[in-house]
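Every chain is numbered from 1, with letters handed out A, B, ... down the list of sequences.
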Protein chains: 2
Amino acid sequence: MPPFRPPIGLLLTTTARTVSRAFDDALASVGGSAPVWQILISIKSRQLGNQRELAEAVGIQGATLTHHLNAMESGGLLTRRRDPANRRVHVVELTEEGERLFHRLREVAMAFDTRLRAGLSEEQTASFEEILTQLAQNIRD
Amino acid sequence: MPPFRPPIGLLLTTTARTVSRAFDDALASVGGSAPVWQILISIKSRQLGNQRELAEAVGIQGATLTHHLNAMESGGLLTRRRDPANRRVHVVELTEEGERLFHRLREVAMAFDTRLRAGLSEEQTASFEEILTQLAQNIRD
DNA sequence: ATCTAAGCGTTAGATGTCAAACGATTAGAC
DNA sequence: GTCTAATCGTTTGACATCTAACGCTTAGAT
């Protein structure tokens with residue numbers, strides 16, 4: 001009889017969902033969310049990217065990004081204007097309020113990461129990252 | 001200067017999304033989806049559970065389960081009837097077509113798991129599962 | 001017996017995501 | 001120069017998911 005092997009993917013997605021949910025709750029406590037946080041950090045880390053690159057960096061589709069940018073613009077977190085040099089492109093810039101939210105979320109995100117890593121050694125973390133990379137690689141083939 | 005630590009949660013959720021997406025695509029190729037597969041396997045492995053337990057096993061909310069069961073019932077995969085002994089309870093049972101879909105999806109799911117595990121040693125798998133469990137534990141505290 | 005509380009499932013409304021179609025703009029071919 | 005193809009972002013329509021509110025049923029208290 002072959003040994004029973006619980007599917008590796010199930011534990012992966014279940015855990016990821018648990019972690020994502022908790023992260024989202026933590027960000028919500030200071031008025032944010034996971035996609036908003038990822039969008040803010042992507043805007044901050046690369047100045048002057050267009051929306052296509054932004055969506056790529058965040059890991060969502062262009063249509064979904066449009067959705068979030070609409071809400072964030074309505075909420076006064078950022079502005080969009082056409083790039084005079086290429087009027088297909090929207091230049092996205094944070095407002096002061098967007099900057100403030102970024103800093104609040106960063107604190108929450110850093111605290112969350114510390115909490116999440118509790119009890120993991122350097123070796124475990126390295127091994128974990130290696131395996132995750134391998135899994136993604138197995139899918140791409 | 002402290003060493004830069006990329007957040008462990010980000011790689012986790014990104015990889016999980018990639019894997020989930022590929023799994024869903026594989027199931028879709030034979031007429032299924034991830035939630036449908038999880039519902040089918042849960043029904044098969046435990047006979048006579050109510051919907052609340054079913055939702056718990058699948059890892060979704062009751063309202064979401066209702067949504068899927070509606071679609072699956074419309075599609076002829078299962079039947080729902082009131083339990084005469086407790087008329088609050090819906091007894092969910094697979095039809096023959098539901099059984100057939102279950103077997104098709106099982107083959108696809110097993111093949112996917114094999115593909116996903118490629119290149120992972122027993123030690124790596126064990127370590128991976130241990131770390132995922134630890135992460136979930138860190139969140140629950 | 002009745003009344004209250006708890007349990008089960010559904011419905012309604014919101015959010016985040018995607019794919020496909022589209023409108024405007026630019027680049028390249030000729 | 002014009003025409004065609006590619007690029008950028010938006011809109012539309014769909015789906016999975018959640019929370020909150022609700023309706024029916026059962027269990028428990030008195």
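Checking side-chain atoms of A/Thr125 against main-chain N and O of A/Ser121 turns up a donor-acceptor pair under 3.5 Å. When atom types are taken as modelled, the side chain of B/Asn50 and the backbone of B/Val89 share no donor-acceptor pair closer than 3.5 angstrom. Of the possible donor and acceptor atoms, none in the side chain of A/Thr14 sits under 3.5 Å from a partner among the backbone N and O of A/Leu11.
Here A/Glu99 pairs with A/Lys44 under the salt bridge (Lys or Arg N to Asp or Glu O under 4.0 Å) rule; sequence neighbours left out. With sequence neighbours excluded, the residues that form a salt bridge (Lys or Arg N to Asp or Glu O under 4.0 Å) with B/Glu73 are B/Arg80. Take A/Thr95 and apply the side-chain contact (heavy atoms from CB on, under 4.5 Å) test, not counting sequence neighbours, and it matches A/Thr79, A/Glu97. Among residues two or more places apart in sequence or in another chain, the salt bridge (Lys or Arg N to Asp or Glu O under 4.0 Å) test is passed with B/Asp113 by B/Arg117. Every residue two or more places apart in sequence or in another chain that forms a salt bridge (Lys or Arg N to Asp or Glu O under 4.0 Å) with A/Arg100 is listed here: A/Glu96.
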Next on the checklist: For Watson-Crick and G-U wobble pairs within 3.5 Å on both distances, what is DNA chain C written in dot-bracket notation, | included for inter-strand pairing?
Outcome noted: ||||||||||||||||||||||||||||||
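Counting only residues at least two apart or in different chains, salt bridge (Lys or Arg N to Asp or Glu O under 4.0 Å) contacts with residues 124-138 of chain B are absent. Applying the side chain to side chain donor-acceptor pair (under 3.5 Å) test to pairs two or more places apart or on separate chains, those with a residue in residues 85-94 of chain B are B/Gln51-B/His90, B/Arg81-B/Glu93, B/Arg82-B/His90, B/Asn86-B/Arg88.
Using a 4.0 Å heavy-atom criterion, one finds that B/Leu65 contacts no nucleic acid atom at all.
We find that CD of B/Gln38 is positioned 13 Å from C1' of D/dT17, with the value rounded to whole Å. In this entry the distance linking CD of A/Glu53 with C1' of D/dT7 reads 12 Å, nearest Å. Rounded to whole Å, the distance from CZ on A/Arg17 to P on C/dT17 is 15 Å. A/Arg81 places its CZ atom 13 Å from the P atom of D/dG9, with the value rounded to the nearest Å. To the nearest angstrom, P of C/dT10 lies 16 Å from CZ of B/Arg87.
Sorted by residue number, the members of residues 20-30 of chain B with any non-hydrogen atom under 4.0 Å from DNA chain C read B/Arg21. If you check residues 66-80 of chain B against DNA chain C, the residues with a heavy atom closer than 4.0 Å are B/Thr66, B/Arg80, listed by number.
Nearest approach of B/Leu54 to B/Ile39, heavy atoms of both residues: CD1-O, 4.3 Å.
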Which atom pairs, donor and acceptor, lie under 3.5 Å between side-chain atoms of residues 28-35 of chain A and protein residues at least two apart or in another chain?
unit_1: A/Ser29; atom_1: OG; unit_2: A/Ala26; atom_2: O; d: 2.5
unit_1: A/Ser33; atom_1: OG; unit_2: A/Val36; atom_2: N; d: 3.4

Using atom names, set out every protein N or O paired with an N or O of nucleotides 5-8 of chain C below 3.5 Å, distance rounded to 0.1 Å.
unit_1: C/dC8; atom_1: OP2; unit_2: B/Arg52; atom_2: NE; d: 3.4

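Taking only side-chain nitrogens and oxygens, A/Thr64 comes nearer than 4.0 Å to OP1 or OP2 of C/dC18.
Within 6.0 Å of atom CZ in B/Arg17, more than 12 heavy atoms from other residues, nucleotides or ligands are found, so the atom counts as buried in its surroundings.
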